[in-house]
Structures are given as C-alpha cells and as structure tokens.
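One structure is given below, encoded as structure tokens.
Only a predicted model underlies this, so the values are computations on that prediction, with no experimental measurement involved. Heavy-atom basis, side chains included; hydrogens, waters and symmetry copies ignored.
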Amino acid sequence: MAETAAPANSAQKNLSLRVSPAAPLGEAFESGSVQGVVELREVSFLTMVGLRVDRNSHAGQRIAAVTGGLPAACGSVSGTGDTSVLWLGPEEFLVVAPTEAHESLGGDLIQALREALADGAGQVVDLSANRTTFELTGPRARAVLEKGCSLDLHPRVLSAGTALSTEIGNIPVVLWKTGGESFRIFPRASFADFLGRWLLDAMREYASPEVP
C-alpha cells in the first residue's frame, strides 16, 4: 500500500500560502549571482517586530530580558541567539527573528514582547509583512552597494554588526552589515521588486568574464 503524506498542520498551511514580495525575481537572483564574487537572494518571511520604548524604563528592561538586550547607540545591534535588535532611533528598535518565531506559525515572540511591555509607555507592532530581506554577499557586495548608497561602506567606517537607516537606489532601507563581506537589506515590501531589479543591474558587470 502506498504511503500517504501526513496532513499539514495549520502552521505549514499558513507558510505554504505565503508569497514573498520578491518571489517573482527568485530565478533572476540565482542567474544574476556570480559565485565567489557577488550573490543575491531573498530571505523570506523573517519575523520583524517594531518596538518603541525607553530602554532605561522598567518596560524597556523587561523587553530587553526577552530580546537579549536593546542597543544603546546609532548603528548598534544587540540580541541573543537567532534574535537580533537593530537601533533605529533613541526609543525605536527593529527586532529580527526567524520565520518560526511568528505567532501564525506557533511562535510566541510577539506575545512575549507585548506581555513585557504590559502597561508601560511604548508600542510593540508586528512588522513581518511590512518589509522583506535581501542578502548580498561576496567580495564585490560593497562595490555593488556603493553604486547607490551614500554611506561610507569601507570596513574602517562600517564594521560588521552595524545597522543603519539609509537609501539604496533612492529606496529607503535598513542596511545591516552582518559580516566582512555580507549585508542584509530591509526594504519595504512595496519597494522590493524595484530594489531587487536595481541590485541585479548593479551586479551585472561582475558577471562579465573580463572582470577579475
């Protein structure tokens, strides 16, 4: 007798119905990437939570206990494990966590943050559908970004572990340097197609065999 697949649970069904903002560009990202030079992919459906809270307040301290800390200065990133917290302003932060942390998939991160805020001054807002995530990696990743980003991206200025609000190709984003040759870019979902195509165009010269 042929085996039948186990029925999908509600979390699996929820995930299977999602379409990421840059999904139509998936094949273009793959074909436009040059292995070992510069590569682009979309990291779909990360859990993102917007926080507004005074990090020095009791509510801020309770939230910090959930996230593994709240960053104290512009560009700083804190967190623990797979959960990171990016500084956006003196009392504004973006929590970035794995897909499965979202409540629609059985995760409890957002609820835990709401409970930590309790009746304190501030906000906890689910922004998971507000942005998507592009990951740009490789020794030419910085050169690609420099074509449309006014930040000084040299390693002596922008070190790994720094996240800043900026523009790339005139599109507002949060840019997070996750490693020596790796960046995560967070555009709003409505700008994902435009920015994805802009990045592909900026990468095109490195696909040429004449480029070392």
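Across Phe191 and Pro172, no two heavy atoms sit closer than the pair CE1-CD, 4.3 Å. Ser57 approaches Gly60 most closely through the heavy-atom pair OG-N, 3.0 Å. Ala202 and Val144 make their closest contact through CB-CG1, 3.7 Å (heavy atoms, listed as atom of the first residue, atom of the second, distance).
Pairs engaging residues 157-176 under the side-chain hydrogen bond (donor to acceptor under 3.5 Å, both in side chains) rule: Ser159-Thr162 [sequence neighbours left out]. Applying the salt bridge (Lys or Arg N to Asp or Glu O under 4.0 Å) test to pairs two or more places apart or on separate chains, none has a residue in residues 54-75.
Both tests pass for Arg18 against the ring of Phe45: distance under 6.0 Å to the centre and angle within 45° of the axis.
Between Leu70 and Val53 the shortest side-chain heavy-atom distance falls below 4.5 Å. A 4.5 Å side-chain heavy-atom check between Leu51 and Val95 finds at least one atom pair inside the cut-off. At least one side-chain heavy atom of Leu46 sits under 4.5 Å from a side-chain heavy atom of Arg184. Side-chain contact between Phe134 and Leu195: present, with at least one pair of heavy atoms (C-beta onward) separated by less than 4.5 Å. No side-chain heavy atom of Leu136 sits under 4.5 Å from any side-chain heavy atom of Ser182. You'll find the side chain of Val96 stays beyond 4.5 Å of the side chain of Thr47, heavy atoms only.
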Listed pairs under 3.5 Å, donor-acceptor, residues 21-31 side chains, sequence neighbours left out:
unit_1	atom_1	unit_2	atom_2	d
Ser31	OG	Glu27	O	3.1
Ser31	OG	Ala28	O	3.3

Under 3.5 Å, which donor-acceptor pairs link side chains of residues 78-94 to any protein atom two or more places apart or in another chain?
unit_1	atom_1	unit_2	atom_2	d
Ser78	OG	Gly69	O	3.1
Trp87	NE1	Gly89	O	3.3

- Go through the steps for Glu42 and Thr132 under the test side chain to side chain donor-acceptor pair (under 3.5 Å), then give the verdict. CA-CA 8 Å; Glu42 182 186 23; Thr132 192; 2.6 Å; yes
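Here Arg131 pairs with Met48, Val174, Phe186, Arg188 under the side-chain contact (heavy atoms from CB on, under 4.5 Å) rule; sequence neighbours left out. For Glu103, the side-chain contact (heavy atoms from CB on, under 4.5 Å) criterion is met by Ile110, Arg114, not counting sequence neighbours.
Of the candidates Ile185, Thr137, Leu199, Leu40 forms a side chain to side chain contact (heavy atoms under 4.5 Å, CB included) with just one, namely Leu199.
If you chain together hydrophobic residues whose side chains sit under 4.5 Å apart, Leu175 and Trp198 fall into the same group.
No donor-acceptor pair closer than 3.5 Å links the side chain of Lys177 to the backbone N or O of Gly161.
Using a 4.0 Å cut-off between charged side-chain N and carboxylate O, Arg140 and Glu39 make no salt bridge. Note on Arg197 versus Asp201: no salt bridge recorded, every NZ/NE/NH1/NH2 to OD/OE distance being 4.0 Å or above.
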